[in-house]
Amino acid sequence: MARLVVDPAFVVGGLDRRLFGSFVEHMGRCVYTGIYEPGHPTADADGFRQDVLALVRELGVTAIRYPGGNFVSNYDWEDGVGPKDERPRRLDLAWRAIEPNQFGTDEFVAWSRKAGVQPIWAVNLGTRGIREAVDLLEYCNLPAGTSLGDRRVANGSPEPHDIRIWCLGNEMDGPWQIGHKTAEEYARLAEETANAMRRVDPGLELVACGSSNAGMPTFGDWERTVLERTYDLVDHISLHAYYEPRDGDQASFLAAAEEMDRMISAVIATADHVKALKRSDKELTLSFDEWNVWYQQNFPGELGLPIREVGPLIEDTYTVDDAVVVGSLLITLLRHADRVKIACLAQLVNVIGPIRTEPGGHAWRQTIFYPFALTARYAGPTVLRTAITGGPELDTAAFGRIPALWSTATYDENTGETAIFVVNRSETDKIDLEIPVTGHVARHLALYDEDRSAVNTADDPDRVQPRTVDATEVVDGVCRATLPPASWHLIQLSS
Ligand code: AHR
């Protein structure tokens, strides 16, 4: 028997709703035949798929990073604005596909408005630099009256796009990145780009590139070098991480939240080290602007791809276990809500996405859609610390001995509702859980299956769905729930 204690007095921090962000890259079918498909039966006058827009709203996504990813590091934003029939077809060096440029800056902002999400823009610091960044900022955010503001107006957007969050490049530490840089090279460029962008608008939120993953040889040192130059100029440092089972070790994969947790703690420590060096009062926050499960072992790498038209790329089909892991990663982000202010599930549609589409056909929810949508829907404004006692522990090859249960909670002082998010990471054992409470159970939704490899497909799109657990109830001030092996749960308690 495990006991979970939660109390509104034990606050982690306020929940920034941008934690429920996602990511749209010009990669594979994320844009073309994903969110944008003129001629699709559900397409609106702009060519935006309404079936996908409906799922994006249901997913509860709040912010979207765009246009890459690796794609951005050789992207000329000017190619994607103006009359569509005059836009060039260009070879995208990141994914070696021919980019038709039928969807660009103005289309993305229009799509974001329809989806009800805040756009987050990444600028190209690979093949371009300060000039391109401030030009794009002028095009997007200045009113009519400058050459680029006027150009946006002429292209059909009279009002400024008013994009508030800007990423200074993408994964610049990665040798695969077009225009890859050393930490010092990137730090100088990011510093000067941030300086110039703040001349246009001092109130922007800027994100400096952190490491591409915690396994990079420069992890830690990269963040320190970049922040020593940019600490006063940026608001956030980015983190990226993708998780997958390695060498068939499903037990460690189910515990991937440990890896994310350790990465976040390491980046916070590094940022705070720079804060101390600078005798600064400013607290830097984190933008975990790419995270997900990604079976990278199945991806041949971009150099294994022929030059071709845009088509399917890394369309991973997610299992029940993958959904449990995604749920546990969200729990980790919430546990760090005091420092993680932005997070982007990468990506949104088709390309390692929670939403899948068929060109000209249906759109459906992958398994990982559900823990994301339910966390976004039920998480309240204040994140609370949870304490678990008496629960079993697991031995994992990757992380050593860890608790089987991984949890967080949120509280809404207006409604008195507490939402508990908890994962049982044991592959073999169910866990009986007790939660001392004063109210009653409003709902218990769970994701698990006898067949942990079950997936949703075009032919069987609803094979995996959340289940309502009716047996969970409060008796004598204690909520009792049973958590099957490898399962994700939302337990909402009303006062
Ligand atoms: O999301 C896929 C790719 O993963 C992105 O383009 C890149 O930033 C990361 O390496």
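Counting starts at 1 for both ligands and their atoms, following the listed order.
Heavy atoms of Asn170 found under 4.0 angstrom from ligand 1 belong exclusively to the side chain. Contact annotation for Phe71 and ligand 1: no heavy atom of the residue comes within less than 4.0 Å of the ligand. Looking at Trp95 against ligand 1, only its side chain comes within 4.0 Å, counting heavy atoms.
Here the heavy atom of the protein found nearest to atom 1 (O) of ligand 1 is Tyr242 OH, 2.8 Å. Asn70 OD1, 3.2 Å is the protein heavy atom nearest to atom 7 (C) of ligand 1. When only non-hydrogen protein atoms are considered, atom 2 (C) of ligand 1 lies nearest to Gln347 NE2, 3.5 Å. Glu290 OE2, 2.7 Å is the protein heavy atom nearest to atom 8 (O) of ligand 1. Ranking the protein heavy atoms by distance from atom 10 (O) of ligand 1 puts Glu171 OE1, 2.7 Å first.
The distance criterion of under 3.5 Å between nitrogen or oxygen atoms is not met by His240 with respect to ligand 1. An N or O contact shorter than 3.5 Å links Glu25 to ligand 1 by distance.
Side-chain atoms of Ser73 and Asn170 form no donor-acceptor pair, as typed in the model, at a separation below 3.5 Å. Between the side chains of Arg246 and Ser252, no donor-acceptor pair is found at a separation under 3.5 Å. The closest side-chain donor-acceptor pair between Asn101 and His26, if any, does not fall under 3.5 angstrom.
In the vicinity of Phe23, heavy-atom distances shorter than 4.0 Å reach the ligand 1 atoms 1 (O).
Aromatic rings from Trp488 and Tyr370 are positioned such that their centres are separated by 6.0 Å or more. Taking the ring centroids of Tyr66 and Trp121, they lie under the 6.0 Å cut-off.
Between Tyr36 and Tyr32, the ring planes lie perpendicular to each other; the angle is over 60°, past the 30° to 60° tilted range.
Under the 3.5 Å distance criterion, the side-chain polar atoms of Tyr186 are matched with a main-chain donor or acceptor of Cys209.
Between Glu205 and the choices Lys341, Arg164, Arg18, the salt bridge (charged side-chain N to carboxylate O under 4.0 Å, His left out) rule is met once, by Arg18.
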